[in-house]
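Shown next, in structure tokens, is the structure this report addresses.
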Amino acid sequence: MIGATKDASAPSPSSSPASVTGAAWPICFLLCDGQGKPKMDPRAAEVIRLVKTPIAVLFGWGRARKESSSTLMPPLTKGLWLMSAPMKRSAVDGTEYTILHLDSDGTVGYDQKIFSLAVLLSSVFVYNQFGGIDAAALHQLSVLTQTTEPIRVIGSNSGLGQYTPTFVWLLKDFSFDLLGDNKSMTPQDYLELALRPIQGTGSDIAAKNEIRESIRALFPDRHCFTLVRPLNTADDQLLNQILMDKLSPELWSGLETLREFVFERTRPKQVGDTILTGPVLVALAESCLEALDRGVVPTVPSSWKTVEEKECRIAYDRATKVYMSSLYRSDPLEQAGMSLAHEEAKQKSLAAFNASAVGAGSARKRHEGCLHKFFRKAFEEGKMNAFMEADSRCSLAIQSMENKLRAACHTPDADVFTVGEVLNDLLSEYEASSHGPSKWQKLAVFLRESWEGPIHDLANRAVEQVRPRRSSSMQTCREIEDHLGLLKEQLEASENEKSQYLKQQKDGISDKNKLDTQIISLKEKIRESSKTLEEANVVARSLQTRESKLDKVIRDGLSVPLIKDLAARGVWPVPTRFSYLPETVKLHILKWLPATDLASIACVNKGLRTLASDNSLWKLKFEDKFGVWSPGNEVDWQQSFRRTMKKQKEDPSDGFDAVLVEMKDPPGNGA
């Protein structure tokens, strides 16, 4: 009933599982097999594991009219059911969390084993019951609460209350008047009154008080809500045939109050300092199920310790993989680079561990310590392997460089410049591709041996080749010196020409400055003339304004009163109020008249004939009648309208086309 709305309808139990963002329908969360052992449905576990935000569990327990505690539950279901896709919610501070809606029919003798699991997992526990709270109802609830007696916090005298959810006792088909001491009371007062110890002595009284005490101890945060019967009929089959919007308004009001309370109280589930997420909730449920499978009632510390150990181990394995994948490089690094890569991989690994590990106890600390030991060991081993690989690569690179340099020095046309370019390329390639602490030491040995070997031999051969050309080179040097002397004389002549050019340039700049001064003066005069012109325009506009005001004064103060006076004496016809309107307003009024009325108005007087013959007015009539047409020359639209109407009367098939031809090339001035 928690999920019911006026538009709700019971979904088919054969629907496929709900996804995190898909439509809501029930899927099995927990069922007992033929041997009575509870098992979690993999589909529900997969849906819940996808929820990475903090998670809250809303749990419904007890029979509804069709064997379940929620109108969204398929009929005749047993075990625990995930009633809808996870629902996204936002707290007051903006933190996002997710609500799971679980439900069970609460069959006595069948679900007592998993009642404790429901209590441990839920944030809000809604206990459904028909009618009022009497001794039988208290006894039925106490049968379930007795299954939680073994669940205690080890090493503490406190009970399970600190781990239990908000308890909501929902009384359906409730028709009693809530009165106590002849005063009205709330459903909450009714619940507390029902759980209050009975005065008296004897074993029977003690047993009843023990029942009440067990319920109060298990659910310290408890509330009560009542719902009236949907219809005044005892036929449940008839209720199923009634549309939802036909049910009692009091029922919908109570449901809305219940929904608001439940969703406001359903907050993320927390164990110790850890707020549960989807994966942690599944792990906690699986741990409790393992205990139930062994025939024992799960305890809070042992179940949570198992979850912590399991999740921390998973987080440790994931963190080591993240570290190794982040530290691995295709090329060996320098020692400083490896240290930096180690720190980056370490931070990524710790972030992955903290994102997956749960709890703050010894299991987390132990696995975190093991993770740091793994970092140190993996880094040392990786550094040793990387340095060995780098040293091997350096040796191979040096050997390849020796072969290439020796081959370049022994080519027939080898010279110092060519060999120098080859050596430079080899050094660049070596610097980019080789790493490790022995990189530069091996390079120094290579350069010393190369200088003493092939490069020295190449230099000697070059010296022997240069000696025969020495005398020729000396003669060439003398010729070059003579040529330099000639060039020096030419340079002096060029300097003289340059000085003359600079003088001319200076004179040109002086002339340019004078022209600039004249241009500035002309601009100033133009600016003053523009200012004078603007002032003249202002005066003209002022005169126009005064003229329009004068016209208004003459019209309103002289012409109109004079006409009225003459009309009153019978000398002048009485003017209409239409004649007082501005021309634009008159044209706007006339455009709404049909063409025949415009022709009639033109016969009234000269002023109306002028208005009724306005070309823009007849253009609108032409376009309204025959469609939009924009010829390239001036058109008398009134005459065009008349010709078109006349031709259409004579020949409706081509009258408009003929007029269009005339309008494109009219024979006269719109005649």
*asked:* Rounded at 0.5 Å granularity, tell me how far NZ in K512 sits from OG1 in T517.
replied: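 OG1 of T517 is found 10.0 Å from NZ of K512.
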_Nearest-0.5 Å distance that lies between atom CG in L58 and atom CZ in R265_ =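 Here the interatomic distance stands at 13.5 Å.
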_We want to know whether T186 and D189 form a side-chain donor-acceptor pair, criterion being a heavy-atom distance below 3.5 angstrom._
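Distance-only check passes for T186 and D189.
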*Any donor-acceptor N/O pair, Q129 side chain to G132 backbone, under 3.5 Å*: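 Judged by distance alone, yes, a pair lies under 3.5 Å.
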*So, does K269 use its side chain to make a donor-acceptor pair with the main chain of I55 at under 3.5 Å?*
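Absent.
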*asked:* Taking the basic N atoms (NZ, or NE/NH1/NH2) and the acidic carboxylate oxygens, is any pair closer than 4.0 Å for K503 and D507?
replied: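 No, this pair does not count.
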*Could you tell me whether R527 and E524 make a salt bridge, using a distance below 4.0 angstrom between a side-chain N and a carboxylate O?*
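Yes, R527 and E524 are salt-bridged.
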*Carefully, step by step, assess F29 and I48 under the rule side-chain contact (heavy atoms from CB on, under 4.5 Å).*
CA-CA 10 Å; F29 176 76; I48 298 175; 3.4 Å; yes
*Might you work through the side-chain contact (heavy atoms from CB on, under 4.5 Å) test for V51 and T277, ending with a clear yes or no?*
CA-CA 7 Å; V51 180; T277 60; over 6 Å; no
*W169 vs Y127 aromatic rings, parallel, tilted or perpendicular, using cut-offs 30° and 60°?*
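If you compare the ring of W169 with that of Y127, the planes turn out perpendicular.
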*Test side-chain contact (heavy atoms from CB on, under 4.5 Å) on D614 and L590 and set out the steps.*
CA-CA 10 Å; D614 186 80; L590 292 180; over 6 Å; no
*Under the side-chain contact (heavy atoms from CB on, under 4.5 Å) rule, what do D173 and V228 come out as? Steps first, then yes or no, please.*
CA-CA 5 Å; D173 291 1; V228 300; over 6 Å; no
_pair R267-T166: side-chain heavy atoms closer than 4.5 Å_ =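 A side-chain contact is absent here, since even the closest heavy-atom pair is not under 4.5 Å.
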*Identify the heavy atoms of S640 and F622 that sit nearest to each other, and give their distance.*
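Where S640 meets F622 most closely, the heavy atoms are O-CE1, 4.0 Å.
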*Which atom names give the shortest non-hydrogen contact between R222 and Q188, and what distance separates them?*
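What the structure gives for the nearest pair is O-NE2, 3.0 Å.
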